[in-house]
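One structure is given here, and the rest of the page talks about it.
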Amino acid sequence: MSTYLGLPGTQPELTVLYRGPLASCDYDCPYCPFAKRRDSPDTLREDRAALERFCDWVAEQPAVSVLFTPWGEGLVRSWYRRAMVRLSLLPNVRRVAIQTNLSCRTDWLAEGDPASLALWVTYHPGQVAQDRLLTKCRELDALGVRYSVGVVGQPEHLVAAREFRAALRPEVYLWINAAEGRSYTDAEAADWTALDPLFGWSREPHPSEGRRCRTGSSVISVFGDGSVQRCHFVRTPLGNIHDGSYLAGLAERPCPLPVCDCHIGYVHLETLPLYELFTEGVLERIPYGLSRPAAPTDR
């Protein structure tokens, strides 16, 4: 057991961001480098085997939460759906979530545990009809599945985002991601903040160099071969989960990068109050008090 935090001989809950070889997506977003990319059959087989091995490792941990952050779309692949269900049913897994465009069917979610399974959904105007995604969201509501849904803050998305916000249940959190490399005037930021009261945290990159961050101690990034980094953006290797060598690399350390501009990174900065804002919904991006699951219907 690791002694990197807490009492000697204990290992506190570990949060893992997992990203396997999968890089294919069924959408063609102009701002995404992986749009409409196809993985070879060999890559898909490698991704499936890596994910299954990762899930076996998770099953052996004392306490863990998992966020799948695939480069492509995972839930159109059966092995990601099975992994979500399997992990949600394990007693040592507090939360399992995935970033997804929700282009998959939703009936499989009934097999998982809604107390631990959650979705981080992105709405891509121009890639999916608004009514189609709203129907999927209502299916999640009927299943009692926790989810957030959001939009990249491109100017051409504003009208669609407003319409989508109006159509969602009020309890569902609609997040807005600042578009990469884009600066927002105060008037533009006000438009997006009217939809997402937390947009201000996304609007500008956060200074991070020398600042305390949970990544590398209680939060790690794991890749398909089991290799570990502190986060997706700091590439220094910390070991491997499959031989246990990562445990010696877990330690509190300041961030070495000048800024952090991605939510899955800066949410873990200890200098920001985002753990207090999101509480139990850090991985699925659901802030406390802003999103609650609907009561599931009979199934």
Side-chain angles (χ1 to χ4, degrees), residues 23-37 67-76 97-104 106 118-141 146-206 232 259-267 274 277-278 281 283-287 290-291:
S24 53
C25 188
D26 52 341
Y27 281 11
D28 193 20
C29 303
Y31 44 83
C32 178
F34 296 93
K36 289 293 185 183
R37 178 170 170 172
L67 172 63
F68 292 113
T69 62
W71 279 125
E73 174 53 39
L75 292 184
V76 296
I98 189 170
Q99 295 178 317
T100 176
N101 63 25
L102 202 60
S103 59
C104 66
T106 62
L119 302 179
W120 171 336
V121 181
T122 303
Y123 169 37
H124 298 281
Q127 300 297 310
V128 60
Q130 188 173 114
D131 286 348
R132 180 176 175 82
L133 185 57
L134 282 168
T135 296
K136 296 286 183 70
C137 291
R138 290 171 185 136
E139 290 170 357
L140 299 182
D141 293 337
R146 287 168 49 85
Y147 67 99
S148 67
V149 60
V151 180
V152 176
Q154 301 279 10
E156 62 271 22
H157 292 171
L158 181 58
V159 171
R162 285 171 171 162
E163 293 173 348
F164 202 73
R165 171 67 278 172
L168 284 171
R169 285 192 303 116
E171 295 85 1
V172 175
Y173 174 51
L174 179 78
W175 50 263
I176 304 296
N177 264 359
E180 186 173 356
R182 183 175 184 83
S183 296
Y184 293 83
T185 66
D186 288 345
E188 290 171 333
D191 286 336
W192 293 114
T193 302
L195 298 173
D196 174 8
L198 302 183
F199 175 70
W201 296 108
S202 178
R203 181 180 176 183
E204 299 288 347
H206 294 276
H232 286 341
V259 297
C260 189
D261 63 356
C262 182
H263 180 90
I264 61 172
Y266 65 70
V267 72
L274 297 182
L277 284 171
F278 286 90
L283 291 192
E284 60 269 34
R285 201 170 179 173
I286 297 179
L290 288 183
S291 188

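Atoms CG and CD, from L134 and E163 in turn, are 10.0 Å apart once rounded to the nearest 0.5 Å. A distance of 6.5 Å separates SG in C25 from NE2 in H124, rounded to the nearest 0.5 Å. Annotation: the span from L198 atom CG to L174 atom CG amounts to 11.0 Å, rounded to 0.5 Å. Distance check: I264 CD1 to L67 CG gives 7.0 Å after rounding to the nearest 0.5 Å.
Between L158 and L195 the shortest side-chain heavy-atom distance falls below 4.5 Å. Contact check for L75 versus F68: no side-chain heavy atoms found under the 4.5 Å cut-off. You'll find the side chain of R169 reaches within 4.5 Å of the side chain of D141, heavy atoms only. Between P70 and I98, some side-chain heavy-atom pair lies under the 4.5 Å cut-off.
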Inset, instruction - Report the C-alpha separation of V259 and H206 in whole Å, then their side-chain angles, then the decisive distance to 0.1 Å, and conclude whether the side chain to side chain contact (heavy atoms under 4.5 Å, CB included) test is met. - result: CA-CA 5 Å; V259 297; H206 294 276; over 6 Å; no
Inset, instruction - Determine, stepwise, if the pair Y147 / V172 fulfils side chain to side chain contact (heavy atoms under 4.5 Å, CB included). - result: CA-CA 7 Å; Y147 67 99; V172 175; 3.4 Å; yes
Legend entry - Verdict with reasoning, V128 to L102, per side chain to side chain contact (heavy atoms under 4.5 Å, CB included): CA-CA 10 Å; V128 60; L102 202 60; over 6 Å; no
Inset, instruction - For the pair L277 and W201, evaluate side chain to side chain contact (heavy atoms under 4.5 Å, CB included) and give the outcome as yes or no after the intermediate values. - result: CA-CA 11 Å; L277 284 171; W201 296 108; 3.6 Å; yes
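Looking at every heavy atom in both residues, R182 comes nearest to P155 through NH2-CG, 3.1 Å. Closest of all the heavy-atom pairs between A161 and W192 is CB-CZ3, 4.0 Å. When every heavy atom of I176 is checked against every heavy atom of F199, the shortest pair comes out as O-CD1, 3.6 Å. Taking both residues in full, the closest heavy atoms of G265 and C260 are given as C-SG, 3.5 Å, listed atom of the first, atom of the second, then distance. The two residues G153 and A179 have their closest heavy-atom pair at O-CB, 4.2 Å.
Although no hydrogens or angles enter the test, the distance criterion places a donor-acceptor pair under 3.5 Å between the side chain of E188 and the main chain of T185. Judged by distance alone, with hydrogens and angles left aside, the side-chain atoms of K136 form no donor-acceptor pair with the main-chain N or O of D131 at under 3.5 Å.
Donor-acceptor pairing under 3.5 Å is lacking for the side chains of S202 and H263. Side chains of N101 and Y123: no donor on one and acceptor on the other come within 3.5 Å. No hydrogens or angles considered: nothing links the side chains of D191 and Y184 as a donor-acceptor pair under 3.5 Å. With hydrogens and angles left out, the side-chain atoms of T100 and E73 include a donor and acceptor closer than 3.5 Å. Judged purely by distance below 3.5 Å, without hydrogens or angles, the side chains of W120 and S148 never pair a donor atom with an acceptor atom.
Partner of C137 under the side chain to side chain contact (heavy atoms under 4.5 Å, CB included) criterion, out of L119, T106, L168: L168 alone. No option in N177, L274, V149, V121 other than N177 meets the side chain to side chain contact (heavy atoms under 4.5 Å, CB included) test with R285.
Under the salt bridge (charged side-chain N to carboxylate O under 4.0 Å, His left out) criterion, E284 pairs with R95, R146, sequence neighbours left out.
At a threshold of 4.0 Å, the pair R203-D261 does not count as salt-bridged, since none of the basic side-chain nitrogens sits closer than that to a carboxylate oxygen.
Between F164 and H157, the ring centre distance reaches or exceeds 6.0 Å.
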